[in-house]
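Single-structure report; data block below.
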Amino acid sequence: MTGSVIKQLPNMLTTLRLILAVPICLMILKEDYGAVLWIALVAGLSDGIDGFLARKLNAVSRYGAIVDPISDKVLLISVYVSFAIVELLPWWVAIIVVIRDLLIVCGALLYHWQFGRYEIAPSVWGKLSTFVQITFALMLLTDKVYPFLSEVIYQAGMWSLIVMAFISGGHYLYVWGRKALS
C-alpha cells in the first residue's frame, strides 16, 4: 500500500461504521441478536481504531472529524429506533435519543450557516451520553443472547440514558448559544 492509501484507513473505517448501521438494524428487526453483537463488536472496534490510526498516521482529516460523529449518531439513532420497533425499549425513550441527536446536528448546522465554520469538539457531557447510549444498547443486545438483566438494572440503565440525553443536549444548546451571542 502506498502512503496515501494507508492514510485513508481511518476514513475507510469511519465509513465502514456508517455502512454497518444497515445490517445492525436489519438484524435487530429480525431479532438475530447473536449476529448483531458480532457486527456491533466490529463497529465498536472500528470506532476506537479509526481515531487511533488518524493520530498515529498523522492522518486527521476534516472528513473524519465530520463523518465520525455522524457515523456514531446514525448508528445509535437507528439502533434505538429499531429497539423501539421490536419493543426492547419504549418509543418515548427512543424519541428522546433521536431528538437529542437531531438537536445537536441541527444546532451545529444552524451555527455553521449563521456564524461560519467551527471545530467539532464533543463535550465531556456529549461523550458521557454517547458512552451511556452504547453501554445500554450493548446491555440490551447481550441480554437477548445471554439473559442477565433484572428489571432494576434495566430501569437504571434506561433512566441514566434519559438523564444524560437531557444534560448533554442542554449543555450543547448552552455552549452554542453562548458562542452565537458573543
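These figures come from a predicted structure and were not determined experimentally.
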Item to check | Side chain to side chain, Leu37 and Thr142, heavy atoms closer than 4.5 Å | outcome: yes

Next on the checklist: Please report the interatomic distance CG(Leu16) to OG(Ser71), rounded to the nearest 0.5 Å.
Outcome noted: 9.0 Å

Item to check | From Thr135 atom OG1 to Leu140 atom CG, the distance as rounded to the nearest 0.5 Å | outcome: 11.0 Å

Item to check | CG-OG distance between Leu128 and Ser123, expressed to the nearest 0.5 angstrom | outcome: 9.0 Å

Item to check | Partner residues of Asp50 under the side-chain hydrogen bond (donor to acceptor under 3.5 Å, both in side chains) criterion, sequence neighbours left out | outcome: Thr14, Arg17

Next on the checklist: Restricting to side-chain contact (heavy atoms from CB on, under 4.5 Å), what partner residues turn up for Trp92, sequence neighbours left out?
Outcome noted: Pro90, Ile96, Met158, Trp159, Ile162

Checklist entry - Do the non-hydrogen side-chain atoms of Ser61 and Asn11 ever get within less than 4.5 Å of each other? => result yes

Item to check | Gap between atom CG of Leu161 and atom CG of Leu76 - 0.5 Å precision | outcome: 9.5 Å

Checklist outcome for this item: Cluster membership besides Val60, Ile/Leu/Val/Met/Phe/Trp/Tyr side chains within less than 4.5 angstrom, sorted by chain and number, is none

Checklist entry - Can you tell if the side chain of Thr15 reaches within under 4.5 Å of the side chain of Ile19, non-hydrogen atoms only? => result yes

Item to check | Atom of Ala21, atom of Leu75 and distance for their closest heavy-atom approach | outcome: CA-CD1, 3.5 Å

Item to check | Considering all heavy atoms, the nearest Tyr172-Arg100 contact | outcome: CE1-NH2, 4.1 Å

Item to check | Under the salt bridge (charged side-chain N to carboxylate O under 4.0 Å, His left out) test, residues paired with Lys73 that sit two or more places apart | outcome: Asp101

Checklist outcome for this item: In short, ring pair (Phe, Tyr, Trp, His ring centres under 6.0 Å) pairs touching residues 12-61 with sequence neighbours left out are none

Item to check | Residues in side-chain hydrogen bond (donor to acceptor under 3.5 Å, both in side chains) contact with Tyr146, at least two apart in sequence or another chain | outcome: none

Checklist outcome for this item: Shortest non-hydrogen pair, Met27 vs Val36, comes out as CB-CG2, 3.3 Å

Item to check | Closest contact, heavy atoms only, Met139 versus Phe148 | outcome: O-CE2, 3.8 Å

Next on the checklist: Going by side-chain hydrogen bond (donor to acceptor under 3.5 Å, both in side chains), name the residues that satisfy it together with Thr130, two or more places apart in sequence or in a different chain.
Outcome noted: none

Checklist entry - Apart from Val22 itself, what residues make up its hydrophobic cluster when side-chain heavy atoms of I, L, V, M, F, W and Y under 4.5 Å apart count as a link, directly or indirectly? => result Leu26

Item to check | Enclosure of Tyr63 OH (heavy-atom neighbours >12, cutoff 6.0 Å) | outcome: yes

Checklist entry - Under the salt bridge (Lys or Arg N to Asp or Glu O under 4.0 Å) rule, what pairs show up with a residue in residues 21-45, not counting sequence neighbours? => result none

Going by atom type alone, with no hydrogens or angles, which donor-acceptor pairs under 3.5 Å involve a side-chain atom of residues 79-87 and a protein atom two or more places apart or on another chain?
| residue | atom | partner | partner atom | Å |
| --- | --- | --- | --- | --- |
| Tyr80 | OH | Gln133 | O | 2.6 |
| Tyr80 | OH | Ala137 | N | 3.4 |
| Ser82 | OG | Ser78 | O | 2.8 |

Item to check | Those residues that, when tested against Glu151, pass side-chain hydrogen bond (donor to acceptor under 3.5 Å, both in side chains) (two or more places apart) | outcome: Gln155

Checklist outcome for this item: In terms of heavy-atom contacts, Leu149 and Asp143 come closest through N-OD1, 2.8 Å

Checklist entry - Leu173: which other cluster members, linking ILVMFWY side chains closer than 4.5 Å, directly or transitively? => result Ile95, Ile99, Leu103

